[in-house]
There are 2 protein chains.
Amino acid sequence: MRPPLDLEHIVTRALALLDAYGLASLTMRSLADDLGIRPSALYWHVENKQTLLAAVADRIVSSASASAELGVGVGAAARAVRAALLAHRDGAEVVLSSAALGLGGLGVAERMRDALGGDGQELAAQVLAQFVLGHASLVQQRIQAATLGAYDADPDAVAHEFDEQFDAGIDALTRGLAITAR
Amino acid sequence: MRPPLDLEHIVTRALALLDAYGLASLTMRSLADDLGIRPSALYWHVENKQTLLAAVADRIVSSASASAELGVGVGAAARAVRAALLAHRDGAEVVLSSAALGLGGLGVAERMRDALGGDGQELAAQVLAQFVLGHASLVQQRIQAATLGAYDADPDAVAHEFDEQFDAGIDALTRGLAITAR
DNA sequence: ACCTGAACACCGTTCAAGT
DNA sequence: ACCTGAACACCGTTCAAGT
């Protein structure tokens, strides 16, 4: 007799399947299979697929907190969030499309707000979150396109270009938004 | 006897259905229904749903060209692209997720490059495109959440906040990326 | 050239019923 | 409390066949 499932474990397995096979293959049926239950049993633990994905998004964003502790600069916090998004297959897409529910997506802006100090920096936090999510989404799009074969160039060179673009964007935004670096 | 369909018309109807019912409801079956054919007939005109959506994305981005003619500033070009994305339901998501195929999503960076002058501004064009797409995606996420009921505040106030954020972001980027305004 | 008919291999979700 | 069984109403896509 297997112990009953809890949401934590379900999210853990969902994230593992996401990393292994990608978002398109992460179905309620494949997840149930992985957990050794029937698909319908998932609906005792979770309201629907959308909220499950929001919980996965939350987990992804939260994983950036270890590296981005209080007191780090905005740039470091942004880099930590970017790394967390890119660390999981289709991570940016999952987080971006769960933003509506308050989980996951809002978390990115929250993290930026924390790193900024919090008072009167709401606008800057939102702008930074918008850039980080747009950037990470396009990076992962490109990675996927390359995986599917269609693309041209040396992956290392491409990765380096993206790194440059991210740094340039964060740099311009932190300076241009008149953020008091700490 | 209806005249045979062409891709132009198919994309036009797909865009109309997108505006009317949203991306989740835009299926090959509903599109075929709208066109008065069977779903399988669509596959004579189009390789698969993904490339169809890429053509829709292309159309959305292209619709920004009328307002963003050659010679306008980067800010005006960015505003035109943003307006085009927000003019269609789920427009940002469609464009963002088609970016991998070279159509649609790449088009945003292209447009930025054109407005910038084109030589040695590749990095700036990419960074601007990343911000514009991230921003528009989050705006539409929020709109959708509000439509589904869950949300709080005065829509006009929210819209104004997003406008401010966009302007602040574009302003900071154009200045911070050392772009020669024209 | 352009489209239909029929099928294949899937989805998310609901709900009564079991234990 | 937690899960199964069976069903409902869908998907995208393929392919032989019609005209």
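Below, chains carry the letters A, B, ... as their sequence lines are ordered, and counting in each starts from 1.
- The closest side-chain heavy-atom distance from B:Val94 to B:Leu26 is not below 4.5 Å.
- The side chain to side chain donor-acceptor pair (under 3.5 Å) check on B:Arg29 picks up nothing, with sequence neighbours excluded.
- Between D:dC10 and C:dA9, the distance separating the two P atoms is 22 Å to the nearest Å.
- Listed by first and then second residue, the salt bridge (Lys or Arg N to Asp or Glu O under 4.0 Å) pairs involving residues 74-98 of chain A are A:Arg79-A:Asp167, A:Arg82-A:Asp163 (not counting sequence neighbours).
- Relative ring orientation between B:Phe166 and B:Phe131 is described as parallel, the plane-to-plane angle staying below 30° on a 0-90° scale split at 30° and 60°.
- With sequence neighbours left out, the side chain to side chain contact (heavy atoms under 4.5 Å, CB included) criterion links A:Asp33 to no other residue.
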What nitrogen or oxygen pairs link the protein and nucleotides 16-18 of chain D at under 3.5 Å?
none

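- For B:Arg38, the side chain to side chain donor-acceptor pair (under 3.5 Å) test picks out no residue, with sequence neighbours left out.
- Side-chain N or O atoms of A:Ser98 include none that pairs as donor or acceptor with a backbone N or O of A:Val95 at under 3.5 Å.
- Residues satisfying the side chain to side chain donor-acceptor pair (under 3.5 Å) test with B:Thr12, not counting sequence neighbours, are B:Arg59.
- Considering only residues two or more places apart in sequence or on other chains, A:Ser40 meets the side chain to side chain donor-acceptor pair (under 3.5 Å) condition with none of them.
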Inset, instruction - Go along nucleotides 2-14 of chain D 5' to 3' and tag each nucleotide: B for a protein heavy atom under 4.0 Å from its base, S when only backbone or sugar atoms are that close, - otherwise. - result: BSBB-----BBBB
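- Pairs engaging residues 9-19 of chain A under the salt bridge (Lys or Arg N to Asp or Glu O under 4.0 Å) rule: A:Arg13-A:Asp34 [sequence neighbours left out].
- A distance of 7.0 Å separates CG in A:Leu42 from CG in A:Leu52, rounded to the nearest 0.5 Å.
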Legend entry - Dot-bracket line, read 5' to 3' along DNA chain D, where crossing pairs take [ ] and | marks a partner on another strand, Watson-Crick or G-U under 3.5 Å: ||.|||||...|||||.||
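- Listed by chain and number, the residues in a side chain to side chain contact (heavy atoms under 4.5 Å, CB included) with B:Ala136 are B:Leu85, B:Leu86, B:Ala92 (sequence neighbours excluded).
- Near-neighbour residues of DNA chain D inside residues 10-23 of chain A, defined by a heavy atom below 4.0 Å, are absent.
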